[in-house]
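One structure below.
In each ligand, atom 1 is the first atom listed, and ligand 1 is the first ligand listed. Values below: every heavy atom of this structure, side chains too, minus hydrogens, waters and symmetry copies.
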Amino acid sequence: METKKKDIRAFTKEQLRDFFVSHGDKAFRGNQVYEWLWHKSAHSFEGMTNLSKETRQMLESNFTINHIKVDQMQRSSDGTIKNAVLLHDDLVVESVLIPTKSRTTACVSSQVGCSLDCRFCATARLKRMRNLNPDEIYDQVVAIDNESRLYFDRPLTNIVFMGMGEPLMNYNNVLQAIDKITSPEGLGMSPKRITLSTSGVPKMIKKMADDGVKFKLAVSLHSAIDSVRTTIMPFNATFNLSDLREALKYWYNKTKSRITYEYVVWEGINDKLRDVEALVDFCRFAPSKVNLIEYNPIDEGDFRQASNKAIDLYVDTLERHGIVVTVRRSRGKDIDAACGQLANKS
Ligand code: SAH
């Protein structure tokens, strides 16, 4: 029986150097291969043209490169592009390119499906679940960077971890991917242009602060009242608001980095003055920004976007308390590429 070849991108540069030394070659060969794998995003050993034929064949018989494949690309009338990404084990995740006048943002997935159970999110309904590997996250970014250059004539400028999955439930792999994305040996992007969005896992938010990460943090809050939040995001029964707030305080004290809250206002759920006041109170401990996101319906009826009047109530009240607030329009709705719509429909 043929033994299963290992995915070469699970190896560090050091390990690749050691591999070559143990095969009677120079450690430097490891650096060359590492550069091909990450900086040059090589899809095959054959294409590593500065290696001898024997070396390439030796690699071929020991390793595989489990590259992702953009299986299907859809373009929205507003320019947004959605990729259906095929993984080596035939599972699929989605990632999105969002162009504006001045930026191109990649919205990437961190898991296949999601382990959380937000009632308003299509991804939560996908049963099958596994964590994405660092290279599978990195590859999504490279694919979108290429599309940005091809269709918009400019490189990718920003990355948000707002695709499928909860990044803090796949913390190590997400961090390794971000290391590669920000390293000059990878894409060399500034961590300030990367935002990790989380439903709020208190323990992991503290860990991130301890790890001294340099990217930005966004929290999907949607309600600052426990009973309401637990109804729409049931895991809030375990990770409740007071633990979340304490973790965010810890984050702010360590990083001094402003916290962004993502927030959808729904009719009859969180559209009253008491909801806004709870939000103002929740935000008080640190400089905050609230992004009011438009609801993208995922089925018939259960949730409905609140009226403009309710949105105005939020904007006016938050501004009066010195909290930065933006109202974000959805992008890519016609191809199910907007927030919470990623569910491998096609
Ligand atoms: N698990 C992470 C990242 C993925 S969700 C998180 O929860 O932050 C990305 C954002 O889309 C979150 O703010 C989420 O609350 C929001 N979202 C989910 N479903 C949505 C929907 N149907 N309409 C609008 N936003 C939605």
Cut-off 3.5 Å, no hydrogens considered: what does the side-chain donor-acceptor table look like for residues 310-320, sequence neighbours left out?
from, atom 1, to, atom 2, distance (Å)
Y314, OH, Y263, OH, 2.8
Y314, OH, N270, O, 2.6
T317, OG1, L313, O, 2.6

Give me the nearest non-hydrogen protein atom to [atom] as residue plus atom name, then the distance to 0.1 Å.
atom                    : answer
atom 23 (N) of ligand 1 : N296 N, 3.0 Å
atom 6 (C) of ligand 1  : S220 OG, 3.3 Å
atom 5 (S) of ligand 1  : M162 O, 4.0 Å
atom 19 (N) of ligand 1 : G340 CA, 3.1 Å
atom 4 (C) of ligand 1  : G163 O, 3.2 Å
atom 11 (O) of ligand 1 : C339 CB, 3.5 Å

### Query
Quick one: which of L16, L51, L59 gives a side-chain contact (heavy atoms from CB on, under 4.5 Å) with R29?
L51

Within a distance under 4.0 Å of any heavy atom of [X], pick out the atoms of ligand 1 and give their elements.
X    : answer
T198 : 6 (C), 7 (O), 8 (O)
C121 : 18 (C), 19 (N)
E294 : 24 (C)
S199 : 1 (N), 6 (C), 7 (O), 8 (O)
G165 : 1 (N), 2 (C), 3 (C), 4 (C)

### Query
Among S197, S109, C118, which one has a heavy atom closest to atom 2 (C) of ligand 1?
S197

### Query
Just going by heavy-atom distances, which of M164, H222, E262, E166 is nearest to atom 15 (O) of ligand 1?
H222

[X] side chain to [Y] main-chain N or O, any donor-acceptor pair under 3.5 Å?
X    : Y    : result
E166 : L116 : no
K40  : L37  : no
H222 : V264 : yes

Anything under 3.5 Å between a donor and an acceptor, one on a side chain of residues 202-209, the other on a protein residue two or more places apart or in another chain? List them.
from, atom 1, to, atom 2, distance (Å)
K206, NZ, E246, OE2, 2.8
K207, NZ, D211, OD1, 3.4
K207, NZ, D211, OD2, 3.0

### Task
Before giving the answer on side-chain hydrogen bond (donor to acceptor under 3.5 Å, both in side chains), spell out for E147 and N83 the whole-Å C-alpha distance, their side-chain angles and the decisive distance to 0.1 Å.
CA-CA 10 Å; E147 287 169 348; N83 293 329; 3.0 Å; yes

#### Entry: Min N/O separation F120 to ligand 1 under 3.5 Å
yes

### Query
Is the charged tip of R9 near the ring of W38: under 6.0 Å from the six-membered ring centre and within 45° of its axis?
yes

### Task
In sequence, state the C-alpha distance, the side-chain angles, and the governing distance for T104 and R154, and then conclude on side-chain hydrogen bond (donor to acceptor under 3.5 Å, both in side chains).
CA-CA 8 Å; T104 310; R154 61 190 190 201; 2.8 Å; yes

### Message
Below a 4.0 angstrom heavy-atom separation, can you tell me which part of L116, side chain or backbone, both or neither, approaches ligand 1?
### Response
neither

### Message
Once you restrict to heavy atoms under 4.0 Å, what part of F161 touches ligand 1? Side chain, backbone, both or neither.
### Response
backbone

## Note on the structure
Of all heavy-atom pairs linking P99 and G79, the shortest is CG-O, 3.5 Å

